[in-house]
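Notes follow once the structure below has been shown.
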Amino acid sequence: MAALIRALRSSSSSSYYTNYFIRRSLSTAASTTAPPLKSEPFTPFMDTKGKHVQWVFLGCPGVGKGTFASRLSTLLGVPHIATGDLVREELSASGPLSKQLTEIVNQGELVSDEIIISLLSKRLETGEAKGESGFILDGFPRTVRQAEILGDVTDIDLVVNLKLPERVLVEKCLGRRICSQCGKNFNVANINVKGENGNPDISMDPLLPPPQCVAKLITRSDDTEAIVRERLRVYYEKSQPVEEFYRSQGKLMEFNLPGGLPESWPKLLEALNLDEYEDKQSAAA
Ligand SMILES: Nc1ncnc2c1ncn2[C@@H]1O[C@H](COP(=O)(O)OP(=O)(O)O)[C@@H](O)[C@H]1O
């Protein structure tokens, strides 16, 4: 983890690649973990060298990366690190960076690689001081350049690409609500979308807040229809190539969400060979 933080740090400096490659060539190569193959038993939470999982969640805005990554991080005992959350924390602080970021986020554009890498390094450093190891990244990498930087400093074991039809994504973003007090995410959208081109229909029940959160619900400032459409456009242009980057490395696992959380969660666990592990964890709890 320390080498990763150092390398990410150096990559966000102005002499970006030079510093970065010199540092990496001096540090020892990270251990490798094969991605899970459905046909083979796989212990995903730690490899044979005792390294915790280093996974990435990809997917369009509103697909549910945060929800699934957060659940898996609890199950596997690794931190869920969402760069969108790091950006929002920065937005809520006052200062020149906050003003600059507010403008970018509210236009649906991406924050610069340098700023994102610096926020991520800080987050990893804080985690390391608390004894964290492994991670599930959500919202990073979002450009091929970010993926290359990450790949040069550490090994990613598996990349999960969550997918939903665009109409569902827009409805989900517009229905998203957050409790300003406890920080939990809810969704007021009731989704029933007919499947096209032979794909199944998709239904999702709303995920309603408990009574104590109802009066405290807020909507993200970038969850308006115009901004969501722009974020989707930016995703197709800048982030979709990241899918190909990992596909060519044999690390990409495509996952078409069959519906809402109750239907999708068990299917995702099954695809990750984690269904039995979750059963054992639940039984032990
Ligand atoms: N890796 C990243 N690179 C650049 N910008 C980012 C990154 N992660 C988050 N952001 C910024 O933060 C905003 C919110 O991120 P996130 O919560 O992940 O949104 P989404 O719901 O669109 O997936 C993004 O629209 C973008 O401006």
Side-chain angles (χ1 to χ4, degrees), residues 4 8 11-12 16 55-70 73 79-93 97-124 135-151 153-154 156 159-164 166 168-178 183-187 189 207 218-243 245-246 255 257:
L4 171 60
L8 284 174
S11 69
S12 62
Y16 197 80
W55 287 1
V56 164
F57 267 66
L58 295 182
C60 287
V63 78
K65 298 182 293 291
T67 306
F68 292 103
S70 154
S73 88
H80 163 215
I81 302 178
T83 44
D85 288 346
L86 302 180
V87 169
R88 280 182 289 280
E89 271 167 36
E90 210 54 48
L91 292 186
S92 59
L97 182 59
S98 156
K99 223 175 139 221
Q100 189 193 337
L101 292 183
T102 305
E103 261 175 48
I104 297 169
V105 171
N106 285 342
Q107 283 168 3
E109 302 303 319
L110 293 184
V111 170
S112 74
D113 291 340
E114 282 70 19
I115 292 178
I116 275 294
I117 285 166
S118 141
L119 293 176
L120 180 61
S121 304
K122 255 199 273 171
R123 168 63 189 80
L124 287 168
F135 49 73
I136 298 181
L137 292 179
D138 152 13
F140 186 95
R142 232 180 178 98
T143 62
V144 170
R145 190 174 173 221
Q146 290 176 9
E148 285 167 350
I149 292 167
L150 186 65
V153 297
T154 195
I156 295 303
V159 179
V160 180
N161 188 25
L162 298 179
K163 288 174 150 180
L164 276 173
E166 183 164 326
V168 179
L169 295 170
V170 175
E171 283 192 41
K172 276 193 73 196
C173 284
L174 299 184
R176 193 146 62 177
R177 300 289 180 275
I178 304 158
K184 285 208 178 108
N185 284 283
F186 304 100
N187 207 301
L207 181 61
I218 50 169
T219 305
R220 266 171 54 171
S221 60
D222 57 346
D223 273 344
T224 65
E225 179 154 2
I227 303 176
V228 169
R229 296 221 178 262
E230 175 60 10
R231 278 156 58 207
L232 282 167
R233 192 197 62 75
V234 170
Y235 184 89
Y236 298 134
E237 183 192 323
K238 306 237 168 90
S239 306
Q240 217 158 33
V242 178
E243 296 174 11
F245 178 88
Y246 286 120
F255 189 78
L257 291 160

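Counting starts at 1 for both ligands and their atoms, following the listed order.
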- Non-neighbouring partners of T219 that pass side chain to side chain contact (heavy atoms under 4.5 Å, CB included), sequence neighbours left out: R177, D223

- Measure from the side-chain N and O atoms of S118 to the backbone N and O of E114, and report whether any donor-acceptor pair falls under 3.5 Å. no

- Item | Short N-O contact, E225 and R229, less than 4.0 angstrom | yes

- Message: Residues around ligand 1, heavy atom under 4.0 Å from any ligand atom, sorted by chain and number. Can you pull those?
- Response: P61, K65, T83, G84, V87, R88, V105, E109, L110, V111, I116, G139, F140, R142, Q146, R176, R220, R231

- Quick one: list whatever passes side-chain hydrogen bond (donor to acceptor under 3.5 Å, both in side chains) with E237, sequence neighbours left out. R233

- Query: I116: what forms a side chain to side chain contact (heavy atoms under 4.5 Å, CB included) with it, not counting sequence neighbours?
  - Reply: T83, V87, V111, F140, Q146

- Item | Distance, nearest 0.5 Å, that separates CD of Q107 from CG of D222 | 12.0 Å

